[in-house]
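Worksheet: one structure, shown below.
Residue numbering restarts at 1 for every chain, and letters A, B, ... go by the order of the sequence lines.
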Number of protein chains: 2
Amino acid sequence: MHNSQRRDGSPSIVEVARAAGVSTATAGRVLGGYGQTSPASRTKVEEAAQRLGYRPNGLARSLIHGSTETVGVIVTDIGNSFFASAVRAVTDAVRAAGYEILLANTDSDPAAEQRALKVMWEKRVDGLVIAPQGPGSAERLRAMAEAGLPIVLLDRPLAALPQADQVTINNTACARSAVGHLTRLGHRRIAVVSEAAQELERLLDAPAGEGGDEPPSAARLVGYLAALRRAGLDPDPALVVHSPYDRHAAERTVRRLLRRNPDVTAVFCTDNVLSSGAVAALQDSGKSCPEEISLVGFDDQDWTTLVRPRLTVVRQPRRELGTAAGRQLIARLTDRGQARAGADAAELPGPGAEGTGAPEGGRPEPETATGERIVLKGRLVTRDSTGPAPGPRPASG
Amino acid sequence: MHNSQRRDGSPSIVEVARAAGVSTATAGRVLGGYGQTSPASRTKVEEAAQRLGYRPNGLARSLIHGSTETVGVIVTDIGNSFFASAVRAVTDAVRAAGYEILLANTDSDPAAEQRALKVMWEKRVDGLVIAPQGPGSAERLRAMAEAGLPIVLLDRPLAALPQADQVTINNTACARSAVGHLTRLGHRRIAVVSEAAQELERLLDAPAGEGGDEPPSAARLVGYLAALRRAGLDPDPALVVHSPYDRHAAERTVRRLLRRNPDVTAVFCTDNVLSSGAVAALQDSGKSCPEEISLVGFDDQDWTTLVRPRLTVVRQPRRELGTAAGRQLIARLTDRGQARAGADAAELPGPGAEGTGAPEGGRPEPETATGERIVLKGRLVTRDSTGPAPGPRPASG
DNA sequence: CTGAAAGCGCTTACAG
DNA sequence: CTGAAAGCGCTTACAG
């Protein structure tokens, strides 16, 4: 009456074995569905298990197998609609292969990231999908990567961690396309709202049109600069404004921008929360859109077709990003180091995928090989918030 | 060279013990931070652990302790902004107490829910926060509840599972307030878009003004009916329209509604995705809002102040809901069955909390006791999408 | 097909 | 303070 039930009320395999009159090995084989068992012991064990309310203990199983069928997913904020969509897709992709996810948010706090990594590692996740914070993340991830834990970087690359796979979108090209749209409409005073504005100096020196190793915000700023350059325009630091990652902060920032630079005729926002702040600021500014001022947002959220004018945006394939990341991780977990999720990603509806740097087999240690680079394509969706530049100046090619 | 490193490359406590020249018990005490250890062995063991790259195995620890410091969180869709916010808050609440979360989506599919529950149970989560599907969920959860697993129901009650705690909002009162606002503005032909429209018959017979045990959609419909009744209006089944949980479906539904019932002067939407569909439909209808038609949405999302007219909505405390659910679960996990998160919830900024049915201590078996009922308050936020009913009829009431 | 035994990596009484 | 031993719940060779 005291030792036949464990503390959590669930009997172990030895109780079931005893009740069924077989050894624990046989009970284990029946209940775990491995090895050989006779129909006779099968019925005895199953009946006993049923009667006692047996429930397998995944911890013991994982301890032996060395795998938990669980992957860690670390993002900055699951409350952000971008990550909500992406994580949903990651979940679906890995769950289809029988994996659960352990979720953590970092709010871009290195300490929180560190803590999440430590806990997940101790809980023995089989792999990791992570939207890293920045260069520091590479240091935090290195030991895990070197120990052979499959890691897929989501949305943000990490040049210092080449062995990890990464799934990103072509941010620079997207931004170039958005701003190119504006220059073709004749705009010459084009502002950009960016989280990476402080890095303008550095990015001005970046090789023309590249930004593959930059985080999204910086890569988009590179695209902005490239588009200006192509149109023969000089970047004006006063029009490259920084905003914290918060809608109301972005609203204040844009309001101030427009007040101080009345000649601005177009604004490009480099992500979803900055976009909503900019819409609010514009509505408040008294300027008509797109007649007096044009606006391009980032990330095609539902509300962008509900506001008036409908917002021209860069659409990024959020779900596909998550799907590709999840599939890539699964490929690593099953193919054991010879993964090529590039092929899988190419099956995705919208975006194409470009895998590069695939390790050609034969290397004994995949740890020293370089990970997949999967780049999904976003695209400009032109709607009503962008129009010809106002004033006498004619549109130029 | 072969047996000093495990398959995952991480040495176990016995390797560390050997390297440090102590017993595994002593090594365990140092590395696990329990028991008594001398400074001498502490340094020896720590040095060895450092050198070998020791990393504790949480599975073994959990197997012994009988707890995993992990809670399951099951929602219909983390991609939905409501759950994205709520889950974020749950995560923060439980993480503050040292717990991780295992996340699953069900898409309201009973089979998916069943599978998630099974896996989480086998992985030995210490507790569960779940937005259940409906009555079937009670059956699926019963065994776990009876085995003593703490369960907190998020957003949706489950009358058939009284032992679980539940955290909901006062949906009926919110809806009554929203529709009351419309009747006071003189509207008499008020439509409602609801996922629970098919249940109208049954709900018409519900005790006046109650809806505490109904899922949100039904509870809101009850509130709608109560508000009509109070205004002396008879509900018209033609104005209670069902829509699947999808923005575009909702848009079509509302368009059809308005076409067939040109005398409708107000529409109440009972959740966030239905609201965005309705806004789209209204914009498309050619009717001006609020002059010809008023609209009340549900769930105060960012975009509701970005559209014109700004949307009048019922604001629900999404984050607080998640926080209260997380705290309640933690209370159960630490207080061992004597939890009272009602007090905690009352500390939350906005909403008040009403705990009822708290079990008064002394009962030997908490399993037979009834769980907490925490009800958070939503409220109507009046903006520009609601105005006086058009036509000759004066406002009454 | 079946069972006794060893083991996954750690923790916990129990002696000393 | 320390170590030998047993044990958490399961799986895996190894004999039979």
Side-chain angles (χ1 to χ4, degrees), chain A residues 2-46 48-49 52-69 121-124 126, chain B residues 2-46 48-49 52-69 121-124 126:
Chain A
H2 195 190
N3 64 347
S4 72
Q5 295 288 90
R6 297 279 143 249
R7 88 199 71 175
D8 69 352
S10 160
S12 81
I13 222 166
V14 316
E15 272 93 38
V16 176
R18 190 181 310 147
V22 300
S23 71
T24 61
T26 296
R29 287 191 263 259
V30 172
L31 298 171
Y34 53 85
Q36 304 283 32
T37 49
S38 69
S41 39
R42 237 171 286 153
T43 44
K44 276 189 298 186
V45 171
E46 272 156 8
L52 300 181
Y54 172 77
R55 140 177 78 118
N57 187 319
L59 297 171
R61 197 174 275 175
S62 291
L63 186 58
I64 293 168
H65 283 150
S67 70
T68 52
E69 257 73 61
W121 207 17
E122 292 188 2
K123 288 194 187 301
R124 294 311 208 249
D126 293 342
Chain B
H2 196 187
N3 63 351
S4 73
Q5 296 289 90
R6 298 279 142 250
R7 89 199 67 182
D8 69 352
S10 159
S12 79
I13 222 166
V14 316
E15 272 93 39
V16 176
R18 191 181 310 146
V22 300
S23 70
T24 61
T26 296
R29 286 192 264 258
V30 172
L31 298 171
Y34 52 85
Q36 304 284 31
T37 50
S38 69
S41 39
R42 237 171 288 155
T43 44
K44 277 189 297 185
V45 171
E46 272 156 7
L52 300 181
Y54 172 76
R55 141 177 75 116
N57 187 319
L59 296 172
R61 197 173 277 177
S62 290
L63 186 57
I64 294 169
H65 283 150
S67 70
T68 52
E69 257 75 60
W121 208 17
E122 292 187 5
K123 288 194 186 303
R124 295 306 208 254
D126 292 342

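Residue A:T26 places at least one side-chain N or O under 4.0 Å from the OP1 or OP2 atom of C:dG3. Between C:dG9 and B:R61, no contact under 4.0 Å exists linking OP1 or OP2 to a side-chain N or O.
At whole-Å resolution of the value, CG in B:L63 and P in C:dT12 are 12 Å apart. Whole-Å rounding puts the A:R18 CZ to C:dA4 P distance at 13 Å. B:I64 has its CD1 atom 6 Å from the P atom of C:dT11, to the nearest Å. Between A:E15 atom CD and D:dC8 atom P there is a gap of 9 Å when expressed in whole angstrom units. Atoms NE2 (A:H65) and C1' (C:dC8) sit 11 Å apart, rounded to a whole Å. One atom, CD1 of B:I13, and another, P of D:dA5, lie 18 Å apart when rounded to the nearest Å. The interatomic distance linking B:R124 (CZ) with D:dC8 (C1') rounds to 11 Å, in whole Å.
At a threshold of 4.5 Å between non-hydrogen side-chain atoms, the residues B:S23 and B:R18 do not count as touching.
Scanning all heavy atoms of the two residues, the minimum distance from A:V22 to A:S41 falls at CG1-CB, 4.4 Å. The two residues A:A19 and A:A48 come nearest to each other via the heavy atoms CB-CB, 4.0 Å. The shortest non-hydrogen separation linking A:A20 to A:K44 is O-CD, 3.6 Å. Across all their heavy atoms, B:V16 and B:A49 have their closest contact at CG1-N, 3.8 Å. In this structure, B:E122 and A:P56 approach most closely via the heavy-atom pair OE2-CG, 3.2 Å.
Once rounded to the nearest 0.5 Å, the distance linking OG of A:S10 with CG of A:N57 reads 7.5 Å. Atoms CG and CD, on B:L31 and B:E46 in that order, are 7.5 Å from each other to the nearest 0.5 Å.
Of the possible donor and acceptor atoms, none in the side chain of B:D126 sits under 3.5 Å from a partner among the backbone N and O of B:S67. In this structure, the side chain of B:K123 engages the main chain of A:T68 through a donor-acceptor pair within 3.5 Å. With hydrogens and angles disregarded, a donor-acceptor distance shorter than 3.5 Å links the side chain of A:R42 to the backbone of A:T37. With hydrogens and angles disregarded, a donor-acceptor distance shorter than 3.5 Å links the side chain of B:R55 to the backbone of A:W121.
In the set D:dC10, D:dG7, D:dT12, D:dC10 carries the atom at the smallest distance from any side-chain atom of A:N57. Among C:dT11, C:dG9, D:dT11, the nucleotide with an atom closest to any side-chain atom of A:T24 is D:dT11.
Place B:A60 and B:A25 on DNA chain D by their nearest nucleotides, and B:A25 ends up nearer the 5' end.
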Listing time: all N or O pairs from protein to nucleotides 14-16 of chain C that are below 3.5 Å?
none

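A heavy atom closer than 4.0 Å to some atom of DNA chain C occurs in B:Y34, these being the qualifying members of residues 30-46 of chain B.
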Watson-Crick and G-U pairing of DNA chain D, under 3.5 Å, as dot-bracket with | and [ ]: |||.||||||||.|||
